[in-house]
Amino acid sequence: MADVCIDPSPSLGRQSGQRTSPMTKYQRFAKTALLLLAFAGIAGAGPAAAQDHDCVVRQFILTSQVSNLEPQGVIEANYPVGTERAYGFARLDCTQVRAGETFWFYWVRNDQEVGRSKARVDVSRNWRIWSQSRIFPGEWSLQLKDSDGRLQAERRFTVAEPPKPAGEN
């Protein structure tokens, strides 16, 4: 039996309740999609579905060191040859944060995660967090994500191979 659309409005010259042409697959799909969206809006809405923080990343840099919660020197794209540790520093502006909110630093080398660390986040117009990792030659990225896995910031950098001593190939 084919689906039939009933037009309850007599304004189109038909009697109320008169059958119109059968619903197309597209119309059935659209009707189902609208119903599902409406249900999801009712069932899925509410405080739990909202973002758990309003933090804005004001600064996200690579640095050579962090001292007294402040970055010491900015690394633009490449760490100097021989550098053994990299530091990522973030300055956040948060006015609303759920209890226990954390951000994650993901250290990625040559497209493979090599480390991660978490940092607690709280309400502050100047919340500072940082992470460090041992580094080796390769293409790197440092990603900052919230506890729901949403990317907040990212920096890419390169660690060059140290020069080989004279006489080695």
Side-chain angles (χ1 to χ4, degrees), residues 26 29-30 32-34 36-169:
Y26 172 77
F29 172 78
T32 303
L34 286 173
L36 288 173
L37 287 172
F39 179 75
I42 294 168
Q51 188 166 335
D52 298 319
H53 65 83
D54 69 349
C55 297
V56 175
V57 179
R58 297 287 181 211
Q59 183 181 28
F60 187 63
I61 62 170
L62 298 167
T63 182
S64 55
Q65 188 176 341
V66 176
S67 178
N68 295 322
L69 293 176
E70 290 294 335
Q72 306 298 311
V74 176
I75 304 297
E76 293 300 328
N78 300 311
Y79 272 89
V81 173
T83 303
E84 294 182 7
R85 290 207 171 273
Y87 295 80
F89 176 86
R91 188 179 309 271
L92 308 175
D93 181 349
C94 307
T95 59
Q96 181 179 359
V97 176
R98 75 170 173 202
E101 179 67 26
T102 56
F103 273 36
W104 288 84
F105 289 91
Y106 289 85
W107 294 90
V108 179
R109 177 179 173 252
N110 298 333
D111 297 321
Q112 292 191 353
E113 182 182 316
V114 295
R116 73 172 79 162
S117 62
K118 70 178 178 177
R120 185 178 62 87
V121 177
D122 209 342
V123 173
S124 172
R125 304 297 295 216
N126 187 35
W127 193 260
R128 295 163 290 180
I129 57 177
W130 59 275
S131 176
Q132 66 176 325
S133 177
R134 290 195 55 169
I135 55 174
F136 308 95
E139 296 298 317
W140 287 78
S141 71
L142 176 59
Q143 301 170 342
L144 182 66
K145 296 182 180 182
D146 65 15
S147 59
D148 292 324
R150 292 182 296 250
L151 184 65
Q152 303 295 311
E154 182 175 25
R155 286 282 181 253
R156 296 185 178 280
F157 63 99
T158 301
V159 177
E161 291 277 351
K164 293 183 179 181
E168 283 189 27
N169 285 341

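FYI, side chains are in, hydrogens and waters are out, and symmetry mates aren't considered; it's all heavy atoms of this structure. Note that the coordinates shown come from a computational prediction; the quantities given were computed from them, not determined experimentally.
Shown here for P163 and V81, the closest heavy-atom pair between the two residues is CD-CG1, 3.8 Å.
Not counting sequence neighbours, the partners of F157 by the ring-ring contact (aromatic ring centres under 6.0 Å, His included) test are Y79, W140. With sequence neighbours excluded, no residue forms a side-chain hydrogen bond (donor to acceptor under 3.5 Å, both in side chains) with W130. With sequence neighbours excluded, no residue forms a side-chain hydrogen bond (donor to acceptor under 3.5 Å, both in side chains) with T63. Considering only residues two or more places apart in sequence or on other chains, R120 meets the side-chain hydrogen bond (donor to acceptor under 3.5 Å, both in side chains) condition with D122.
The line from CG of L144 to CD of Q152 is 6.5 Å long, rounded to the nearest 0.5 Å. Note that CG of N78 is 10.5 Å distant from CG of L62, once rounded to the nearest 0.5 Å. Within the model, atoms CD1 of I75 and OG1 of T83 stand 6.5 Å from one another, a figure rounded to the nearest 0.5 Å. Rounding to the nearest 0.5 Å gives a distance of 12.0 Å between OG of S131 and CZ of R116. Atom CZ of R109 and atom CZ of F136 lie 7.5 Å apart (nearest 0.5 Å). Between D146 atom CG and T102 atom OG1 the span is 8.5 Å, to the nearest 0.5 Å.
Judged purely by atom type and a 3.5 angstrom limit, S133 has no side-chain atom pairing as donor or acceptor with the backbone of I135. Within the 3.5 Å criterion, the main-chain N or O of G138 finds no donor-acceptor partner in the side chain of N110.
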Item to complete: Apply the test side chain to side chain contact (heavy atoms under 4.5 Å, CB included) to residues L151 and Q143: give CA-CA distance (whole Å), side-chain angles for both, the deciding distance (0.1 Å), then the verdict.
Response: CA-CA 7 Å; L151 184 65; Q143 301 170 342; 3.8 Å; yes

Item to complete: Mind running side chain to side chain contact (heavy atoms under 4.5 Å, CB included) on V121 and L92 for me, showing each step along the way?
Response: CA-CA 9 Å; V121 177; L92 308 175; 4.1 Å; yes

Worksheet item: Given the rule in the salt bridge (charged side-chain N to carboxylate O under 4.0 Å, His left out) test, do R91 and E70 qualify, once you have shown the distances and angles that lead to the verdict?
Response: CA-CA 9 Å; R91 188 179 309 271; E70 290 294 335; 3.0 Å; yes

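Residue pairs satisfying the disulfide bond (SG atoms under 2.5 Å apart) criterion with at least one member in residues 61-152, sequence neighbours excluded, are listed as follows: C55-C94. Counting only residues at least two apart or on different chains, the ring-ring contact (aromatic ring centres under 6.0 Å, His included) pairs with a member in residues 87-118 are H53-F103.
Taking the side chain as every heavy atom from C-beta outward, S64 and P80 never approach each other to under 4.5 Å.
Remark: R98 CZ is packed, more than 12 non-hydrogen atoms of other residues, nucleotides or ligands lying under 6.0 Å away. The neighbour count for R125 CZ, taken as heavy atoms of other residues, nucleotides or ligands under 6.0 Å away, does not exceed 12.
Remark: the S147 side chain and the E101 side chain contain an N/O donor-acceptor pair separated by less than 3.5 Å. Side-chain contact check for T158 and E139: at least one donor-acceptor pair (N or O, by modelled atom type) lies under 3.5 Å.
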